[in-house]
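Naming convention: chains lettered A, B, ... in sequence-line order (proteins, then strands); numbering from 1 in each chain. Every heavy atom of this structure was used, including side-chain atoms; hydrogens, water molecules and symmetry mates were not.
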Amino acid sequence: MSRRLVALWESFWFRPIAPHLYAVLRIVFGILGLAGLFGVADLGMFWAYDGLMAPPHTRAHDIVNAVAGANAAPMVVLLACVAAYVLMTLGIATPVTVPLAFAAALAQMHWNRLPLSAAFQTHLNLLFCLALAECGRVWSVDAWWRRERGAADSRPTVIWPLRLFRFQVAMIYGATGLWKFQDVHWRDGSALHYVLSNTQFRRFPYDPPPWSSELLTIATYTTLAWEILFPVLILWRPTRWLALVLGIVMHTTMMVALELGPFSLVMMASYLAFLDPDRVSSLVRRVTAPWQA
Amino acid sequence: VPLRSVAASAFICFYLIAATTAAVPSPAELASVTGERYSPDDQVSRRVRPTLDAIQRYTETATRRAWEALAEPRRIVYPPLTRLGLRQRWRMFAQPPRVNTSMAVRVVAQRPDGSPATAALVVLPQLGEDAFKGPSAYQAGFADKAVSNAIDAWSQLRARQPSAPDDALTRFGPDVLASIPRYFGARLAKTLPADARIVRTELWQGAAPMPRRGASSNGPKPSLDQLPFEAELGTRVRNGPSGWTLRRIDPPLR
């Protein structure tokens, strides 16, 4: 019995998979990291000590100030973050640069947390899972360099970082669904009415019209049910597709109606992790076969 | 079983337990989201809400029990998770505000001949309440988030500890609100005559309830030019260390 359990555990967490899906996630999340930095690219506003930030109070400030000097420190941190994401996206020294990108994101958070939202936190948590994976075996400068030297390495890699990534995505939806369920405005169906009336986030300068009331109530309940059930729906393939398609519809609608920075893009990009890694790999081989011939 | 798999398995178990434990809200946090209803029921919610309310009582109890049961694991997993920045507080729009908040910064200066010179700027929402937010609003969204995070952290600090010093530590750092008048005040100062001496910088907060579900709205709101700053519209909330004041105004700015 215990042997069988160990074998089950082994096959669930340590099954070998093709490395292409990790490469896709590395590239997409590297680009999304740069998109996040583009949002806070104003050096004077978000990185300088006289910008929109609390006075220096973390060890990150002490370290960077000591190394680069207080005047150059904001520029050094910003450039380090950009460099880490560029290296990660291109796949240069990938085993080092993906954890480095995570460390850079952490440094950004310690430097100035004020402009950061759930989009950043989601990106950071998912980046942590990617930092545990071997993301540079294919579609990277590393892979190209190895191929040039006749030492190409597209061996399978292990699935457990991908499973943790999926778990984290499911956790985000399940937890936010349960948080929302505690709030009376989600239970009485009026939450989306207030979200769309919020002048900080809404894209169009109009409050929801009275005739849309019941439509928004139904949308509120659908959102709530989808978020709470997401961790369950993704367990079985047919319902997984339902959860993901519904997610794309929800996040696209949010992106159209609300200005939430890169949040919707980060969440939709995370859905790539739910693709079958071996199918992705064989699809890639089929598509690239004519060029390789 | 290879040693590497054993180590990875230990890490996987730790991560699953840590993330799950950290995602369970504390009773105090739970109490903060269970507010009062603001809108009357419509035809759909009249049928659904009573059932959801009944279920919520059980989920709330279950969450409180889970919090108590996880006290020991929480003590172990919190420090490494916090150090790695891997928070699991996924409260996105979990408690949507029913009040729209706006903020303005005003610099009051005096010229050598004694005449006043002032300059003001809406800083939340950066693009104004009546603006369409296209793709170019992407960066302004980050500035809005910085300002709203600062005011939220400061308001929570005041609600929790009314006698806390102005520069007390919040989760965003110490003296979190001071950066808003400092940064925007410096920008506004450049628009004043060169010989003007800045007397004070003010931070104004506007707040107005959102229309209830089903109610008509989109009525006119005062613009910054129409706002009678000198009138006693607002309540002085705080004297800042650098001589700025925070005042509440109602309704919000356009």
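No side-chain heavy atom of A/Met53 sits under 4.5 Å from any side-chain heavy atom of B/Ser179. Taking the side chain as every heavy atom from C-beta outward, A/Trp160 and B/Tyr15 never approach each other to under 4.5 Å. Using a 4.5 Å heavy-atom cutoff, the side chains of B/Phe142 and A/Leu52 are not in contact. Between A/Trp13 and B/Ser5 the shortest side-chain heavy-atom distance does not fall below 4.5 Å. For the pair B/Met92/A/Phe263, a side-chain contact is recorded, criterion being any heavy-atom separation below 4.5 Å from C-beta on. Side chains of B/Pro96 and A/Asn198 form no contact here, defined as non-hydrogen atoms less than 4.5 Å apart. Within the 4.5 Å cutoff, no side-chain heavy atoms of A/Leu114 are placed close to those of B/Val147. Between A/Tyr221 and B/Ser45 the shortest side-chain heavy-atom distance falls below 4.5 Å.
Put simply, the side chain of A/His193 never gets that close to the backbone of B/Gly214: no donor and acceptor are under 3.5 Å apart. Here the side chain of B/Lys133 pairs no donor or acceptor atom with the backbone of A/Leu258 at under 3.5 angstrom. Looking only at distances, a side-chain donor or acceptor of A/Thr176 sits under 3.5 Å from a matching main-chain atom of B/Trp90. Between the side chain of A/Asp188 and the main chain of B/Arg49, no donor-acceptor pair closer than 3.5 Å is present. When atom types are taken as modelled, the side chain of B/Arg182 and the backbone of A/Gly51 share a donor-acceptor pair closer than 3.5 angstrom.
The shortest heavy-atom contact between A/Thr217 and B/Arg213 is OG1-NH1, 3.2 Å. Taking each heavy atom of A/Lys180 and B/Ala94 in turn, the nearest pair found is CG-CA, 3.6 Å. Closest non-hydrogen pair, A/Phe38 versus B/Gln139, comes out as O-NE2, 2.6 Å.
To the nearest 0.5 angstrom, A/Tyr194 atom OH is 9.0 Å from B/Met210 atom CE.
Of the listed residues A/Leu260, A/Thr122, A/Val158, the one with more heavy-atom pairs under 4.5 angstrom with chain B than any other is A/Thr122. Counting heavy-atom pairs closer than 4.5 Å to chain B, the top residue among A/Ala119, A/Ala103, A/Ser213 is A/Ser213. Counting heavy-atom pairs under 4.5 Å between each of A/Ala54, A/Pro55, A/Pro115 and chain B puts A/Pro115 at the top. Each of A/Leu116, A/Leu192, A/Leu224 has some count of heavy-atom pairs under 4.5 Å with chain B, and the biggest count is that of A/Leu116. Comparing A/His110, A/Arg163, A/Met45, A/Arg203 by heavy-atom pairs within less than 4.5 Å of chain B, the highest count is held by A/Arg203. Residue with the most contacts toward chain A among B/Leu52, B/Ile180, B/Asn149: B/Leu52 (heavy-atom pairs, distance under 4.5 Å).
At a 4.5 Å heavy-atom cutoff, the contact between A/Leu106 and chain B is made by side-chain atoms alone. Only the side chain of A/Leu132 comes within less than 4.5 Å of a heavy atom of chain B; its backbone N, CA, C and O stay farther away. Of the two parts of A/Tyr173, neither the backbone nor the side chain holds a non-hydrogen atom closer than 4.5 Å to a non-hydrogen atom of chain B. In this structure, the portion of A/Phe167 lying under 4.5 Å from any heavy atom of chain B is its side chain and not its backbone. In this structure, no portion of A/Pro209 lies under 4.5 Å from any heavy atom of chain B. With a 4.5 Å cut-off on non-hydrogen atoms, A/Met109 touches chain B through its side chain but not through its backbone. Contact annotation for A/Ala35: both backbone and side-chain heavy atoms come within less than 4.5 Å of a heavy atom of chain B. For chain B, the nearby part of A/Trp9 is the side chain; its heavy atoms alone come within less than 4.5 Å. Contacts between A/Phe181 and chain B at a heavy-atom distance below 4.5 Å involve backbone atoms as well as side-chain atoms. A/Pro262 touches chain B through backbone and side chain together, each having a heavy atom under 4.5 Å away. Residue A/Thr220: no heavy atom, backbone or side chain, is found under 4.5 Å from chain B. Of the atoms belonging to A/Leu178, not a single heavy atom falls under 4.5 Å from chain B.
Under the 3.5 Å distance criterion, with hydrogens and angles disregarded, no donor-acceptor pair is assigned to the side chains of A/Gln200 and B/Thr101. For the residue pair A/Gln168 / B/Gln88, a side-chain donor-acceptor distance below 3.5 Å is found, with atom types taken as modelled.
Ring planes of A/Phe201 and B/Phe93: perpendicular class, angle over 60° (limits at 30 and 60°). Ring planes of B/Tyr38 and A/His185: perpendicular class, angle over 60° (limits at 30 and 60°).
Screening B/Asn100, B/Leu124, B/Asp144 against A/Thr199 for a side-chain contact (heavy atoms from CB on, under 4.5 Å) leaves a single residue, B/Asn100. In summary, of the residues considered (B/Gln56, B/Glu29, B/Gln95), a side-chain hydrogen bond (donor to acceptor under 3.5 Å, both in side chains) with A/Gln182 occurs for B/Gln56 alone.
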